[in-house]
Amino acid sequence: MHLHTMLLSQIAASTLGFLAFRHLEPRFKAIGLTGIDVHKNWDHVAIEFGGIPLLLTLVACYAAAAIAASCMSRFYLAIMLVAVLSFTLGMLDDVAGISGPVKGVVFTLPSVGLFTAELNPYPRLPIVGMTRLTIFYFIIIPIYVSVVANSANMIDVMNGVLPSTCIIMLLGGILLAYFKGSTKPILLSVPMLFTLAVYLYYNWFPAKYFAGNCGSHMIGAVMAGIAILSGLEFYLVMAMLPYVLNSFSYLTSVKGFLERTRLEARPVIVRSGLIYANKDPRAPITLVGLLTSTSPKDEKLLIRQIVLLSVFSTVLSIATEVLLGA
Amino acid sequence: MLNHLLDSDFIRALLLVVYGWALVIAALLVIKFLIIPIKPGRSLLIMYIVGIAKVVVSTAILLAMLYVWYLLSKRIYFKRIIPA
């Protein structure tokens, strides 16, 4: 397998994905699959089901990668299965609505895709070294996938935040794999990197597409799948600290898995394009709430700050793996 | 531009991320040094019991640390948003 074959296949597949986004845009608008972006001070409308062209792009990129690197096709198939399953469940959430606690359970299902590939139940943890989790590892995997998928869904509140932070984490993972002399994480991450680059173009401020629950859960589940198959489970946990901070603060402040639509008070208030933390004690604590706790901010600045936090946690994670990794 | 980006709210969020990282490192140290290692030659049943105990204790430690993290973020958040 040559590097240029892989790159060419990815450029071709992501171009197809790009065209899918472009081709579907007027059609989605015509049938009214749009939503208002509440963080803008003008009536900005974006397509709500960006997950559909996102899935097409992802499948195209991984299928092209499977042709270019046939030795990895089992792993690529596993990732595609994870993507399709999480997309389907996310779509169910978009259309019919799934309650919070049920979401936690159902998003363990996409992990089934990972069991079709070869899994290594001996993950290495920094400081601790190699662990032997022959039984517990297979119990952790579904929980891990569900936690990452739901965390990704919860942080996807601002334009471009989810794809850009995931790109940063993937680039960090590739760098770490380079340090460790391993090619598997690179080969698994590259198709996702191209997929997210296409999506970022359409999701960046001001967004033309929102991922929807189908897209954001899919991105999270695939990120978890890549981490598990690459043996970078712990790296992803560390790099995802801003996600963990956001979801954990949210869940503990509302004391449970309460849906956004059923909240008594919104986490933030938007006035004239500025985002203010909600002073209502019933409002959940979120990362955006923490970043606006003393002064209101516009969406662009908040996006930059969240991206910067993600860069910081990714660097911290790489440093931990390199310096303390066993 | 940089001053605008690195304001006090951002620094606090950054410190929470660092605190979260420190908690995870502390949890790893606990797992490494405080939990009895499985020694070869022991019966399978004992190995499983020790293994399960390790998992339970590690999870409990992590959850407790996460709760401290939450308390800290809550304290920072409400202290800033509703000044005394």
Side-chain angles (χ1 to χ4, degrees), chain A residues 125-129 131-136 139-140 143 234 237-246 248-253 267 276-281 283-297 301-302 304-310 312-313 316-317 319-320 324 326, chain B residues 1-35 37-38 40 44 47-48 50-52 54-56 58-59 62-63 65-83:
Chain A
L125 299 179
I127 300 169
V128 177
T131 54
R132 187 175 161 274
L133 301 170
T134 44
I135 296 170
F136 195 64
I139 300 167
I140 287 179
I143 301 168
F234 197 80
V237 171
M238 288 277 213
M240 277 185 71
L241 276 172
Y243 285 47
V244 180
L245 176 62
N246 180 58
F248 192 74
S249 300
Y250 179 93
L251 294 175
T252 41
S253 57
Y276 295 74
N278 193 352
K279 293 188 179 182
D280 189 330
I285 302 171
T286 60
L287 185 56
V288 175
L290 281 165
L291 288 169
T292 51
S293 55
T294 50
S295 57
K297 290 186 180 104
L301 180 60
L302 281 168
R304 283 194 203 113
Q305 289 190 327
I306 297 172
V307 169
L308 200 60
L309 276 179
S310 185
F312 180 77
S313 59
L316 208 57
S317 185
T320 308
L324 303 174
Chain B
M1 170 66 191
L2 206 61
N3 281 347
H4 194 47
L5 195 65
L6 308 178
D7 64 3
S8 60
D9 288 335
F10 176 79
I11 299 296
R12 269 187 288 276
L14 196 73
L15 287 175
L16 279 174
V17 169
V18 175
Y19 187 70
W21 172 81
L23 287 180
V24 177
I25 295 296
L28 287 172
L29 285 169
V30 170
I31 294 168
K32 172 86 177 168
F33 297 110
L34 293 186
I35 299 170
I38 299 170
L44 201 63
M47 276 170 73
Y48 275 127
V50 173
I52 291 165
K54 272 187 178 187
V55 167
V56 171
S58 315
T59 311
L62 264 175
L63 286 176
M65 286 175 168
L66 275 172
Y67 188 67
V68 175
W69 196 27
Y70 158 67
L71 289 178
L72 195 77
S73 65
K74 194 175 154 186
R75 188 180 151 80
I76 287 175
Y77 181 73
F78 285 111
K79 210 175 166 186
R80 306 308 305 177
I81 200 164
I82 311 168

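Predicted model, so just to flag it, every value in this text is computed and none were measured.
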Point to revise | Sub-4.5 Å side-chain heavy-atom contact between A:Phe312 and B:Val18 | key: yes
Review point. Can you say whether B:Ile25 sits under 4.5 Å from chain A via the side chain, the backbone, both, or neither, judging by heavy atoms?
Key: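 Looking at B:Ile25, backbone and side chain both touch chain A.
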Check your understanding: So which heavy atom on A:Ser293 is nearest to which on A:Ala277, and how close?
Key -> CA-CB, 4.1 Å
Select one option (side chain, backbone, both, neither) describing which atoms of [X] are under 4.5 Å from chain B's heavy atoms.
X	answer
A:Ile140	neither
A:Val237	neither
A:Ser295	both

Check your understanding: For A:Tyr276, which residues count as a ring-ring contact (aromatic ring centres under 6.0 Å, His included) partner, sequence neighbours excluded?
Key -> none
Review point. Just by distance, do the side chain of B:Asp9 and the backbone of A:Thr294 share a donor-acceptor pair under 3.5 Å?
Key: yes
Exercise for review: Identify which of A:Leu287, A:Leu309, A:Val244, A:Thr320 forms the greatest number of heavy-atom pairs closer than 4.5 Å to chain B.
Suggested key: A:Leu309
Check your understanding: Listed by chain and number, what are the side-chain contact (heavy atoms from CB on, under 4.5 Å) partners of A:Phe234, not counting sequence neighbours?
Key ->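 So A:Phe234 forms a side-chain contact (heavy atoms from CB on, under 4.5 Å) with A:Leu125, A:Pro126, A:Met238, A:Glu321, B:Val24, B:Leu28.
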